[in-house]
Protein chains: 2
Amino acid sequence: MTLNYTKPIEQAITSSDKTLLSIRYAIVEGDIASGSKLSETELSTKYGVSRAVIRESINRLETCHLVERKANVGARVVSLTPDGLIELYQIRESLEGMAARLAAKNMTSEEIAELNQLLETHAEKVKQEGSYYQEAGDVDFHYRIILGCKNKQLISLLVDGIYHLVRMYRVQLGMSGPRITTAFDEHKSIVRAIENKDEELAEMLMRRHITYSKNNIANKLA
Amino acid sequence: MTLNYTKPIEQAITSSDKTLLSIRYAIVEGDIASGSKLSETELSTKYGVSRAVIRESINRLETCHLVERKANVGARVVSLTPDGLIELYQIRESLEGMAARLAAKNMTSEEIAELNQLLETHAEKVKQEGSYYQEAGDVDFHYRIILGCKNKQLISLLVDGIYHLVRMYRVQLGMSGPRITTAFDEHKSIVRAIENKDEELAEMLMRRHITYSKNNIANKLA
DNA sequence: TTAATTAATGTTGTCGACAATTTAGGCCTA
DNA sequence: TAGGCCTAAATTGTCGACAACATTAATTAA
């Protein structure tokens with residue numbers, strides 16, 4: 001369930017990093033309520049580290065737009081609103097559309113093959129369980145296309161930044177629903193566009209796909 | 001020259017904030033060379049503050065992709081490369097394209113009037129001086145459209161994040177050149193699309209505009 | 001009673017010192 | 001001389017304490 005979408009193996013993990021991961025997970029999962037205040041001293045005792053590392057964690061969380069800080073006042077977990085969701089999905093549409101375009105241009109044939117393989121796995125799961133697909137499966141699909149764009153800054157923007165907030169909305173609004181098979185077909189056509197190196201189409205289909213997804217979620221809020 | 005594109009008047013300015021602004025300015029202007037190492041102790045003495053505030057500043061600079069940090073090793077100013085420039089402009093194209101689309105949808109008639117006024121001012125300047133336009137003028141134009149999109153997260157992403165890096169490339173590669181009047185015409189047609197509330201066209205024209213700009217710069221590197 | 005001012009409390013911002021890790025240099029060995 | 005190992009210096013990571021600020025409670029005046 002917990003797919004680890006952090007940076008590659010790389011270097012030493014500092015205490016700050018671990019704390020960041022813990023707090024971020026707690027926020028995304030809703031263990032720390034959205035809109036609630038983040039007390040530095042409280043978190044400090046809770047996670048058994050000094051205020052300095054809590055401070056650093058909060059700073060980094062601000063980067064992902066998961067918390068908001070005011071000078072001399074403190075940090076609050078971002079609150080989930082319909083408007084915020086729409087804003088977020090407009091950004092996703094824009095950025096992931098570009099990612100799909102670049103993926104069509106830059107993905108290797110091996111990567112495309114793996115993508116097809118992933119789709120088949122999903123097709124199986126849809127037939128059997130039906131429900132598992134949405135959460136991990138959809139994230140995984142989008143994640144691979146993002147990586148396929150080969151634009152490091154864009155990848156960082158999406159993976160380190162926006163995606164955590166996307167997951168937060170998903171988890172806390174309890175996504176799932178009847179879009180399962182529909183989304184699957186959309187995924188399939190996106191991959192086909194990438195196979196054909198049709199940048200224009202890949203971008204357009206990805207944008208449509210995300211728009212549909214947005215509407216689906218927005219309906220649940222209304 | 002120094003247009004202050006920081007957040008609205010708002011709240012108290014802490015020592016960390018001031019230091020952040022100073023260091024960021026130094027990096028964008030090239031006073032701190034791109035690719036060079038950022039020593040915490042050194043900066044600490046240079047700016048007359050403790051290492052804690054330097055640390056916080058560096059953290060925030062990482063958000064704008066202006067510096068890169070490695071655990072237990074330190075931070076370096078990002079190095080300017082042709083690949084990096086292309087990556088950056090792909091993101092700009094995507095995000096500012098969306099901003100233009102949303103601006104066509106959401107800008108008030110007063111804002112559009114101001115935008116037209118700005119264009120006239122630029123037209124005058126182009127006739128007279130010719131050269132001043134590019135730097136401040138172009139930035140100002142794009143800035144207004146970004147604000148006009150009314151998507152707070154998108155605005156933050158562009159203004160607090162990406163735009164500093166854009167300016168850094170501009171300054172240090174010595175932009176200017178013969179695109180002045182061409183860019184002006186492009187600006188004009190973008191505004192016209194926004195006036196007509198033609199979202200599709202506004203986005204497309206903005207994307208083209210940025211692509212041209214990218215090619216212009218890329219040629220200078222090649 | 002209400003409003004404003006002031007005192008008290010708690011939180012964030014900043015600092016200097018210590019611990020852990022990396023990096024540089026010298027030393028020894030083959 | 002080249003290469004690896006070990007020691008020493010420097011840098012980053014973490015900590016606890018103090019200062020500055022914001023919030024709340026108490027007090028006083030109208």
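Quick note on labels: first sequence line is chain A, next is B, and so on, each numbered from 1.
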S.K.: Decide if atom NZ of B:Lys197 counts as having more than 12 heavy atoms of other residues, nucleotides or ligands within a radius under 6.0 Å.
M.R.: yes

S.K.: Quick check for you: among D:dT12, C:dT14, D:dT14, whose closest atom lies nearest to any side-chain atom of B:Ser15?
M.R.: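 Shortest atom-to-atom distance from the side chain points to C:dT14.
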
S.K.: Do A:Lys18 and A:Val49 touch side chain to side chain, with heavy atoms closer than 4.5 Å?
M.R.: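 A:Lys18 does not reach A:Val49 side chain to side chain.
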
S.K.: In whole Å, I'd like the distance from the NZ atom of A:Lys18 to the C1' atom of C:dA20.
M.R.: 13 Å

S.K.: Under 4.0 Å: is that the gap between some side-chain N or O of A:Ser50 and OP1 or OP2 of D:dT14?
M.R.: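 No, A:Ser50 has no side-chain N/O under 4.0 Å of OP1/OP2 on D:dT14.
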
S.K.: Just call it for A:Ile58: base, sugar-phosphate, or nothing, with non-hydrogen atoms closer than 4.0 Å on any strand.
M.R.: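 Nothing, no nucleic acid heavy atom in range.
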
S.K.: May I ask you to verify if any side-chain N or O of A:Ser39 is less than 4.0 angstrom from the OP1 or OP2 atom of C:dT11?
M.R.: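 Checking C:dT11 against A:Ser39, no side-chain N or O comes under 4.0 Å of OP1 or OP2.
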
S.K.: Inspect the surroundings of NZ in A:Lys105 and state if more than 12 heavy atoms from other residues, nucleotides or ligands are less than 6.0 Å away.
M.R.: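 At most 12 heavy atoms, drawn from other residues, nucleotides or ligands, come within 6.0 Å of this atom.
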
S.K.: Identify whether the distance between the nearest side-chain nitrogen and carboxylate oxygen of A:Glu96 and A:Lys214 falls below 4.0 Å.
M.R.: no

S.K.: Quick one: does any side-chain atom of B:Glu195 pair with a main-chain N or O of B:Ile112 as donor and acceptor, under 3.5 Å?
M.R.: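 No, B:Glu195 side chain to B:Ile112 backbone: no donor-acceptor pair under 3.5 Å.
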
S.K.: Send over the distance from B:Asp17 CG to D:dA20 C1', rounded to a whole Å.
M.R.: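 B:Asp17 atom CG is separated from D:dA20 atom C1' by 15 Å.
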
S.K.: Report the distance from atom CZ of A:Arg51 to atom P of C:dT12, rounded to the nearest whole Å.
M.R.: 7 Å

S.K.: Taking atom P of D:dG16 as reference, at what distance in whole Å does atom CD1 of A:Ile54 sit?
M.R.: 12 Å

S.K.: Could you tell me the separation between the CD1 atom of A:Ile13 and the C1' atom of C:dA20, rounded to a whole number of Å?
M.R.: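 In whole Å, C:dA20 C1' lies 16 Å from A:Ile13 CD1.
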
S.K.: Can you find a side chain N or O atom of A:Thr14 that sits less than 4.0 Å from OP1 or OP2 on D:dT14?
M.R.: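 Answer is yes, contact under 4.0 Å.
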
S.K.: Return the nearest nucleotide to the side chain of A:Val53; candidates are D:dC21, D:dC15, C:dC15.
M.R.: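 When the side chain of A:Val53 is considered, D:dC15 is the closest of D:dC21, D:dC15, C:dC15.
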
S.K.: Send over the distance from B:Asn59 CG to D:dT12 C1', rounded to a whole Å.
M.R.: 12 Å

S.K.: Would one find a side-chain N or O of B:Lys37 under 4.0 angstrom from OP1 or OP2 of D:dT12?
M.R.: yes

S.K.: So which one's nearest nucleotide on DNA chain D is more toward 5', A:Ala52 or A:Val73?
M.R.: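 Its nearest nucleotide being more 5', the pick is A:Ala52.
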
S.K.: Could you state the NZ-C1' distance from A:Lys70 to D:dT23, rounded to the nearest angstrom?
M.R.: 13 Å

S.K.: For the pair made of CD in A:Glu40 and C1' in C:dG10, what is the distance, rounded to whole Å?
M.R.: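 Those two atoms, CD and C1', are 13 Å apart.
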
S.K.: If you check every side-chain atom of B:Ser16, which of C:dT14, D:dT14, D:dT12 has the closest atom?
M.R.: C:dT14

